Amino acid sequence: MTTTDAARRAGTPDTFLLRTTTGDGRRPEQNLRARLAGAFAMFRNGKSLTGLAILGFFVLIAIFADVLAPYSPTKVDNSARLQPPSAAHWLGTTHIGEDVLSQVIHGTRGVIVVGFLAAVIATVIAITVGVIAGYVSGWKSESLSALTNVFLVIPGLPLIIIVSAMFEEPPLVLIAAVLGLTGWAWGARVLRAQTMSLRNRDFIQAARANGEPLARIITVEMLPNLMALIAASFVGTVTAAILGLTTLSYIGVIPVTTYNWGTILNWASAQGAFGQNQWWWYLPPGLCIAAIGVALSLINFGIDEYVNPRLRSAGERARAMKKKGLDVNDAVTAVRPEPVREAGRTQENTGND
């Protein structure tokens with residue numbers, strides 16, 4: 001009696017599918033981990049690592065601000081007003097004797113909190129709307145696309161000004177929420193376009209034919225292939241949120257009692273520090289804004305180099321030339337010898353002789 005006959009007598013089907021491994025011999029969870037690890041390979045180049053190091057430095061300052069700050073940001077030293085940097089006050093003091101270094105350190109916390117919280121809110125909304133709008137079709141996709149277009153034209157800064165006017169001291173969470181709710185549309189459009197190109201790929205069609213639910217197709221099959229775009233959208237939103245917060249603080253929309261780098265610049269400008277060349281008051285927060293902008297730009301450049309095949313191949317070629325001791329900017333002219341043609345001419349000359 002064969003196995004097929006026994007299966008027929010038992011009432012079981014002749015053929016059945018037992019899915020224990022993927023096509024490459026790995027289990028599904030192992031394949032998912034490998035794909036996620038490959039998705040975060042964008043952060044392994046030099047630009048991304050440098051940007052992450054600078055950004056991590058500011059994150060650590062924000063976390064341990066109470067320990068790192070030598071004084072309270074509101075502590076007044078009447079004997080040291082508008083003093084340049086010294087051993088007691090490394091970055092000098094304000095017009096009433098407040099320590100500038102302590103204000104910069106405590107101001108880092110507000111910048112980091114608003115930037116990352118706004119980016120998380122915007123990224124979650126962009127993923128939800130963009131991926132679903134790109135995967136489904138018909139009126140559902142068109143409705144989500146129309147919603148994205150509406151939020152594209154909503155100005156963020158005027159809306160924050162209106163919301164801030166409703167509160168005497170608007171919390172940073174509220175400001176981050178408004179920045180996140182008005183900053184997700186661009187990321188959603190990019191994710192929708194990329195999802196529309198992915199939904200017709202073979203592995204998506206195979207998962208759909210295999211009866212996989214929509215949630216699993218999006219989270220397991222699509223999101224690992226969208227991580228580069230998601231990371232770029234997240235970094236861009238962090239940059240926009242930080243610049244928005246510091247700008248609103250500098251122009252006085254956000255109360256000066258909420259310490260961040262923009263409020264320090266606001267106080268310095270109001271007291272004439274720019275005109276009196278009190279550089280220790282306005283230069284440190286300005287350099288911090290520039291440094292975190294450079295860090296986020298380096299991360300974004302690293303992601304672009306990973307995503308764009310031309311930039312990736314150019315970077316690999318430049319690194320290979322540096323290892324060989326060649327300058328990337330030097331012009332190299334290839335000289336190709338032609339021994340065959342010379343040999344032919346020699347034979348012709350011999351025959352003529």
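What's counted below: heavy atoms across the whole structure, side chains too, no hydrogens, waters or symmetry copies. Throughout, numbering of the chain's residues begins at 1 and tracks the sequence. Since this is a predicted model, take the numbers as computed values, not measurements.
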Thr93 side chain to Gln83 backbone, donor-acceptor under 3.5 Å: yes
Same apolar cluster: Ile154 and Val253, side chain cutoff 4.5 Å: yes
Same apolar cluster: Val129 and Met196, side chain cutoff 4.5 Å: no
Heavy-atom neighbours of Trp280 CH2 exceed 12 at 6.0 Å: yes
Leu296 and Ile242: CA distance, side-chain angles, deciding distance, side chain to side chain contact (heavy atoms under 4.5 Å, CB included) verdict: CA-CA 11 Å; Leu296 294 171; Ile242 290 176; 4.3 Å; yes
Least distance between heavy atoms, His106 atom then Ala65 atom: NE2-O, 4.1 Å
Short side-chain to backbone donor-acceptor contact, Asn260 and Gly262, under 3.5 Å: yes
Side chains of Phe301 and Thr50 in contact at under 4.5 Å (non-hydrogen atoms): no
Spacing of Ile125 atom CD1 and Leu181 atom CG [to the nearest 0.5 Å]: 5.0 Å
Heavy-atom pair with the smallest gap, counting every atom of Ile61 and Leu68: CA-CD1, 3.9 Å
Expected output: side-chain Ser269 to main-chain Asn266 donor-acceptor under 3.5 Å: no
Spatial distance of atom CG (Leu55) from atom OG (Ser48) [nearest 0.5 Å]: 11.5 Å
From Glu212 atom CD to Glu221 atom CD, the distance as rounded to the nearest 0.5 Å: 7.0 Å
Heavy-atom donor-acceptor pair, Thr128 side chain to Val124 backbone, under 3.5 Å: yes
Distance (rounded to the nearest 0.5 Å) between Leu248 CG and Leu179 CG: 7.0 Å
Which atom of Asp99 lies closest to which atom of Pro70, heavy atoms considered: OD2-CG, 3.8 Å
Minimum side-chain heavy-atom gap Trp267-Glu98 below 4.5 Å: no
Minimum heavy-atom distance between Phe274 and Leu265, given as atom pair plus value: CE1-O, 4.1 Å
Cluster link Leu159 to Leu152, ILVMFWY, side chain under 4.5 Å: no
Backbone of Gly244 reached by a side-chain donor or acceptor of Thr247 within 3.5 Å: no
Single-linkage hydrophobic cluster Val113~Ile289, side-chain heavy atoms < 4.5 angstrom: no
Residue pair Val104 / Pro285: nearest heavy atoms and the distance that separates them: CG2-CD, 4.2 Å
Side chain to side chain contact (heavy atoms under 4.5 Å, CB included) assessment of Ile292 paired with Trp261: CA-CA 12 Å; Ile292 200 168; Trp261 300 331; 4.0 Å; yes
Side chain to side chain contact (heavy atoms under 4.5 Å, CB included) evaluation trace for Phe57 with Ile54: CA-CA 5 Å; Phe57 172 74; Ile54 300 174; 5.6 Å; no
Rounded distance (nearest 0.5 Å) linking atom CZ of Phe116 with atom OG1 of Thr123: 10.5 Å
Shortest non-hydrogen separation from Pro85 to Trp279 and the atoms involved: CG-CH2, 3.7 Å
CG/Asp202: more than 12 non-hydrogen atoms of other groups inside 6.0 Å: no
Residue pairs fulfilling salt bridge (charged side-chain N to carboxylate O under 4.0 Å, His left out) with at least one residue in residues 61-86, sequence neighbours excluded: Asp66-Arg109
Sole candidate of Ile127, Leu198, Val190, Ile218 that passes side chain to side chain contact (heavy atoms under 4.5 Å, CB included) when paired with Leu226: Leu198
CA sep, side-chain torsions, deciding dist, call: Tyr135, Ile217, side chain to side chain contact (heavy atoms under 4.5 Å, CB included): CA-CA 10 Å; Tyr135 184 79; Ile217 292 177; 3.6 Å; yes
Validation: residues 139-147 side-chain donor-acceptor distances under 3.5 Å, sequence neighbours left out:
residue: Ser141; atom: OG; partner: Ala133; partner atom: O; Å: 2.7
residue: Ser141; atom: OG; partner: Arg192; partner atom: NH2; Å: 3.3
residue: Ser143; atom: OG; partner: Trp139; partner atom: O; Å: 2.7

Close side-chain approach of Ile264 and Tyr282, heavy atoms under 4.5 Å: no
Min side-chain heavy-atom separation Gln103-Thr94 under 4.5 Å: yes
Gap separating the NZ atom of Lys47 from the CD1 atom of Ile303, nearest 0.5 angstrom: 12.0 Å
side-chain hydrogen bond (donor to acceptor under 3.5 Å, both in side chains): pairs with one or both residues in residues 171-191, sequence neighbours excluded: Asn149-Arg189
Verify same cluster id: Met166, Leu174 (apolar side-chain graph, 4.5 Å): yes
Asn45 side chain to Gly302 backbone, donor-acceptor under 3.5 Å: yes
